[in-house]
Enquirer: 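The structure is given below, and queries will be raised subsequently.
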Amino acid sequence: MEWRGKTIKDTIAFEGVGIHTGEIAKIKVHPSDKKGIFFYKNGLKIPAHHKFVVNTLASTDLGLNGVSIRTVEHLMAAFYLLGIDSAVVEVEKGSEIPIADGGSKTFVEAFKEVGLVELPHRQTIFTIKEYFRIQPNGNYVEVEPYEGELFTFEGIFPKVGRRSATYRGEIEEALIGARTFCDVEDVVHLWLCSFGLGGYAVNTLPLTENLEFLVYSSEPAYHKLLDLIGDLALLGGRVVGKIYSFKGNHRLNHQLRDYILKSEKVKKLNLQLKEFSQA
Ligand code: ZN
């Protein structure tokens, strides 16, 4: 399987509240012909790569020299789903990516509307060659060879129960539109922890007894699948293989990336890690 590099045709701006900080954030996504996604804040360049992940609690945050950019996963998922591997994200205001619709729909639609353009370089590909399993505690991820992309998330959600969602290399409405969720009884807890300050019904799905807020019956599972895809995008390439995540989270996704980058069970093609290490 081979993917050519891809970027967007023109600059797009996004402005809105950040889910965790509650601050208005403003970003601009620019086209780039250089392989890799790079974030810029206050003149500092932070590569969208595993090595620059500084937090995985409730969101995936990138950072360098004390400067951090929070909640990059939904934007990264939009890049991954559209095959965009080259772009520059300028964080003009705030320190978090706007939560927008709570999923990746706003980003995906904006990128599709502005148009995509192919680049001459080959994308980085991580091909799973042998089965492996990572099981930290209670949750786990199983990975095995597969000709294509087949990623599944399964979880047991408060009030909702057991749900699963699968990505088969195709963009689905349920996937990009699945919102961030929280257990309503957990909102106070989230606020106390200073997470979720920008959470409103429009971008956050409250898990309640009667499930009236669910747009899709498996919405929370789709959202966790979206998080997984956004987190995998921080490998700096695509994954060819079958991934099954049971009750995974950003922390487990971080361990998965670490394994993929280091393990001999994964074949790496067209790596450009040097560029990612130049911050
Ligand atoms: Zn998320």
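Scope of the values below: all heavy atoms of this structure, side chains included, with no hydrogens, waters or symmetry mates. Both counts, for ligands and for their atoms, begin at 1 and track the order of listing.
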Enquirer: What is the NE2(H74)-the Zn ion (ligand 1)-NE2(H223) angle, to the nearest 10 degrees?
Expert: 100°
Enquirer: E90 pairs by side-chain hydrogen bond (donor to acceptor under 3.5 Å, both in side chains) with which of K26, K41, H30?
Expert: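 Among K26, K41, H30, the one meeting side-chain hydrogen bond (donor to acceptor under 3.5 Å, both in side chains) with E90 is H30.
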Enquirer: Would F111 and F79 count as a ring pair (Phe, Tyr, Trp, His ring centres under 6.0 Å) here? Give the steps.
Expert: CA-CA 9 Å; F111 295 149; F79 287 140; 5.3 Å; yes
Enquirer: Can you see whether F38 has K45 sitting over its ring - NZ or CZ less than 6.0 Å from the centre and within 45° of the normal?
Expert: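 Checked: cation-pi criterion met.
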Enquirer: Please determine if K242 and E149 form a salt bridge, counting it only when a charged side-chain N lies under 4.0 Å from a carboxylate O.
Expert: no
Enquirer: By atom name, which N, O or S atom belonging to D227 lies closest to the Zn ion (ligand 1)?
Expert: OD1
Enquirer: Regarding E73, does it place an N, O or S atom less than 2.8 Å from the Zn ion (ligand 1)?
Expert: no
